[in-house]
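Only one structure is covered here, and it is reproduced in the block below.
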Amino acid sequence: MYKPISDSFFEVPVLELAQNLVGQYIVHNLENGPLVARIVETEAYHGPEDQAAHSFSNRPTKRTEVMFGRAGLVYTYQMHTHTLMNVVAGAVGTPHAVLIRAGEPIEGLEQMGNNRGNHMKMKDWTNGPGKLTKALGVNMDYYGRHWTEEPLFIAEGPGAIEVVTGPRVGIGNSGEAVDYPWRFFEKDNPFVSKYRP
DNA sequence: AGCAAGATCGCC
DNA sequence: GCGATCTTGCTG
């Protein structure tokens, strides 16, 4: 069965962690069996030097306080009607995080299809951050938990064939930060989100 | 208290 | 392309 990856996996600089996460599994253990997706796309957020990061102000708020905690914590937040999930990176007091943007369904396909409504192609189940959380059944209840704890954790996956980088998506007017190549995704994978081709 | 805006999605 | 509809944070 799947088991959580070691704690030390998270204790690397945020850009490295964002790249290393591509190709790993996200596992959500539920009563009917595990939901598993292989991560194919991430983005690094590098507060407080990164104007696009929620932690740019370098001041903990109710929303962002978990980013100041230890590496590997779960940072979830709401965007309109959707939940997005992040992995906290960096030492305590350093508000870095990695946004999980897309995945490839591996196991629990029936359940993921039901979570998304069965009228679409499989690649549309998880090719965006809001879609992925919905397919996996993740919500704000996981805020502040750790990515090595049941029932929602990162497990070691097969890795990625080739990871390429590009500018981040959807961050609008963030000064120079809009051009930083801090998006990591597996080359030619059809589950990568399709903004900014 | 009140309101504007956001690391988005799906349908018009 | 635009509207949905939730939480946060600042008073625009």
Side-chain angles (χ1 to χ4, degrees), chain A residues 14-15 17-19 21-22 26 37 39-69 71-90 94-105 112-145 147 154 163-186 190-197:
Chain A
V14 62
L15 294 177
L17 180 61
Q19 173 154 353
L21 278 167
V22 178
I26 298 178
I39 300 170
V40 299
E41 181 179 0
T42 63
E43 280 177 7
Y45 285 87
H46 202 279
E49 295 88 28
D50 174 7
Q51 201 174 147
H54 288 160
S55 51
F56 178 59
S57 71
N58 202 26
R59 195 174 54 244
T61 65
K62 187 174 180 188
R63 179 173 67 156
T64 60
E65 63 185 348
V66 70
M67 293 178 80
F68 293 81
L73 288 173
V74 178
Y75 171 37
T76 50
Y77 73 94
Q78 294 293 132
M79 177 61 183
H80 289 73
T81 59
H82 306 281
T83 306
L84 277 62
M85 58 183 167
N86 298 249
V87 180
V88 173
T94 308
H96 295 177
V98 179
L99 170 67
I100 312 290
R101 280 196 60 86
E104 172 179 352
M112 284 194 226
N114 288 339
N115 287 349
R116 295 282 297 126
N118 280 313
H119 48 59
M120 59 181 78
K121 295 184 177 170
M122 191 169 96
K123 78 176 189 96
D124 290 320
W125 290 359
T126 54
N127 63 342
K131 301 177 189 179
L132 179 62
T133 51
K134 187 163 187 201
L136 289 172
V138 173
N139 56 45
M140 290 300 290
D141 293 346
Y142 291 96
Y143 182 93
R145 301 179 56 108
W147 279 109
I154 306 282
V163 178
V164 292
T165 65
R168 293 173 294 178
V169 171
I171 53 178
N173 178 21
S174 302
E176 295 185 358
V178 290
D179 296 321
Y180 295 171
W182 288 351
R183 178 184 182 213
F184 298 85
F185 53 99
E186 182 171 60
F191 293 92
V192 169
S193 70
K194 43 179 131 185
Y195 300 94
R196 290 217 233 184

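Everything numeric in this text was worked out from a predicted model, so none of it was measured. Throughout, a chain's letter reflects where its sequence line sits, starting with A, and its residues are numbered from 1.
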> Between dT8(C) and dG12(C), how far is it from one C1' atom to the other, in whole Å?
Replying inline: 15 Å

> Considering all heavy atoms of both residues, which atom of Asp124(A) and which atom of Arg116(A) are nearest to each other, and what is their separation?
Replying inline: O-NH2, 3.0 Å

> Of all the base pairs, Watson-Crick or G-U under 3.5 Å, which form stems of three or more consecutive pairs involving DNA chain C?
Replying inline: B:1-6 with C:6-11, B:8-11 with C:1-4

> With the threshold set at 4.0 Å, does a side-chain nitrogen-carboxylate oxygen contact exist between Asp179(A) and Arg168(A)?
Replying inline: no

> Looking at Ala44(A) and Val14(A), what are the two nearest heavy atoms and their distance?
Replying inline: CB-CG2, 4.1 Å

>> With rounding to the nearest 0.5 angstrom, report the CD1 to CG distance, Ile100(A) to Leu136(A).
In response: 10.0 Å

>> I'd like to compare against my own output: the B/S/- annotation of nucleotides 1-12 of chain B with a strict under-4.0 Å heavy-atom distance to protein.
In response: -----BBBSS--

>> Could you walk me through whether Val98(A) and Leu21(A) satisfy the side-chain contact (heavy atoms from CB on, under 4.5 Å) test, starting with their C-alpha distance in whole Å, then the side-chain angles of each, then the deciding distance to 0.1 Å, before giving a yes or no?
In response: CA-CA 9 Å; Val98(A) 179; Leu21(A) 278 167; 3.8 Å; yes

>> Would you measure the distance from the C1' atom in dA5(B) across to the matching atom in dC2(C) and give it in whole Å?
In response: 16 Å

> According to the interplanar angle, ranging from 0 to 90°, do the rings of Trp182(A) and His46(A) count as parallel (below 30°), tilted (30 to 60°) or perpendicular (above 60°)?
Replying inline: tilted

> So how far is it from Glu43(A) CD to Thr165(A) OG1, rounded to the nearest 0.5 Å?
Replying inline: 11.5 Å

> If you draw the axis of the six-membered ring of Tyr143(A), does the NZ or CZ of Arg145(A) fall within 45° of it and under 6.0 Å from the ring centre?
Replying inline: no

> Looking just at side-chain N and O atoms, do Glu104(A) and Thr126(A) make a donor-acceptor pair shorter than 3.5 Å?
Replying inline: no

> In Å, rounded to the nearest 0.5 Å, how long is the span from CG of Leu73(A) to OH of Tyr142(A)?
Replying inline: 15.5 Å

> Between which nucleotides of DNA chain C, 5' to 3', does chain A make heavy-atom contacts below 4.0 Å?
Replying inline: dA4(C) to dC10(C)

